[in-house]
Amino acid sequence: NAGVTQTPKFRILKIGQSMTLQCTQDMNHNYMYWYRQDPGMGLKLIYYSVGAGITDKGEVPNGYNVSRSTTEDFPLRLELAAPSQTSVYFCATGGGNEKLFFGSGTQLSVL
Amino acid sequence: DAKTTQPPSMDCAEGRAANLPCNHSTISGNEYVYWYRQIHSQGPQYIIHGLKNNETNEMASLIITEDRKSSTLILPHATLRDTAVYYCIARGSISGGYNKLIFGAGTRLAVHP
C-alpha cells in the first residue's frame, strides 16, 4: 500500500516548456487535491477533484490544468512554464472525512 | 472559513510538553479546528481535529476554549522528531465530502535537547 505517489521528485524546466506532474493513489479515495508551496510559505490549493471526471479550481489555478479520468490518477499540467511556478507541489487525497493524505512532493524549478 | 492566527515560531525542550496556541476568534458554530504538521520538506501530516470538545489521540491533545475563539495543541512529551511547522486550520463541516483545507504560515516548532 504505497498511499500517494508523486513523480518526478525533482525537475528543472526552461521558461516556456511544458510538463505533467503525476499523482497516483491506491487508497481508493474519491477526493484529490493539488497544492503548491513557495519557500517559507504555507500551501496554496491549485485544483481539486471530487471524483473521476469532476475537477474544480482552487485558490491559484492560473497556469495549470488538471484531468481526472480515473479514481487513481490526478495529473497536473503546466503548459507554458514561468519562473513564478518554481515551487514544491504536493498532491493529496481524502476519503471524505477529516484527514488528508499527502504525497512527498515534486520540487520544480523554472529557469 | 475563519482566519487563524499562530505565532511564527516557538521552541521547546525535549521531553517537555509543547503547547502551540491558535487564535480563531471569528470561527462559526459549524467550523472545525484542524491541526496538521509538516516535517522539513515532507507533505503535511494530519494530527487531530475538533469542534468544541477537547480531543486526544496517540499524537496529541487538542484543547478548545469554551467560547471556541482559541485552541491549543499539546504534544505531551516533545521529541526532536516533533520539530516541524504546525498548521492550525478552521474549516466548515465537510460539504459534499471534500475538504478544501487552506493552510496559513503555521508555527515553526523547534525541539532542542
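Keep in mind that what you see is a predicted model, and the values were worked out from it rather than measured.
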For this session: Determine, stepwise, if the pair B:F103 / A:Y35 fulfils ring pair (Phe, Tyr, Trp, His ring centres under 6.0 Å).
Result: CA-CA 10 Å; B:F103 290 78; A:Y35 287 88; 5.6 Å; yes

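- Within 6.0 Å of CD1 in A:I12 there are 12 or fewer heavy atoms belonging to other residues, nucleotides or ligands.
- A heavy-atom distance below 4.5 Å is not found between the side chains of A:F90 and B:Q42.
- Hydrophobic clustering (ILVMFWY, side-chain heavy atoms < 4.5 Å, transitive): A:L45 and B:Y87 are in one cluster.
- A:L43 has its side chain within reach of B:P44: a pair of non-hydrogen atoms, C-beta onward, lies under 4.5 Å apart.
- Across all their heavy atoms, A:K99 and B:Y46 have their closest contact at CE-CE2, 3.3 Å.
- Residue A:R77 qualifies as enclosed at atom CZ: its count of foreign heavy atoms under 6.0 Å is above 12.
- Residue A:Q6: no heavy atom, backbone or side chain, is found under 4.5 Å from chain B.
- The local environment of CG in B:D67 is crowded, with over 12 non-hydrogen atoms from other residues, nucleotides or ligands closer than 6.0 Å.
- Under a cut-off of 6.0 angstrom, the local environment of NE2 in B:H77 is sparse, with at most 12 non-hydrogen atoms contributed by other residues, nucleotides or ligands.
- A:Y64 and A:I54 are not part of a single hydrophobic cluster, where members link through side-chain heavy atoms under 4.5 Å apart.
- Of the possible donor and acceptor atoms, one in the side chain of B:Y36 sits under 3.5 Å from a partner among the backbone N and O of A:L100.
- The candidate from A:M41, A:E59, A:Q107 with the greatest count of non-hydrogen atom pairs under 4.5 Å with chain B is A:E59.
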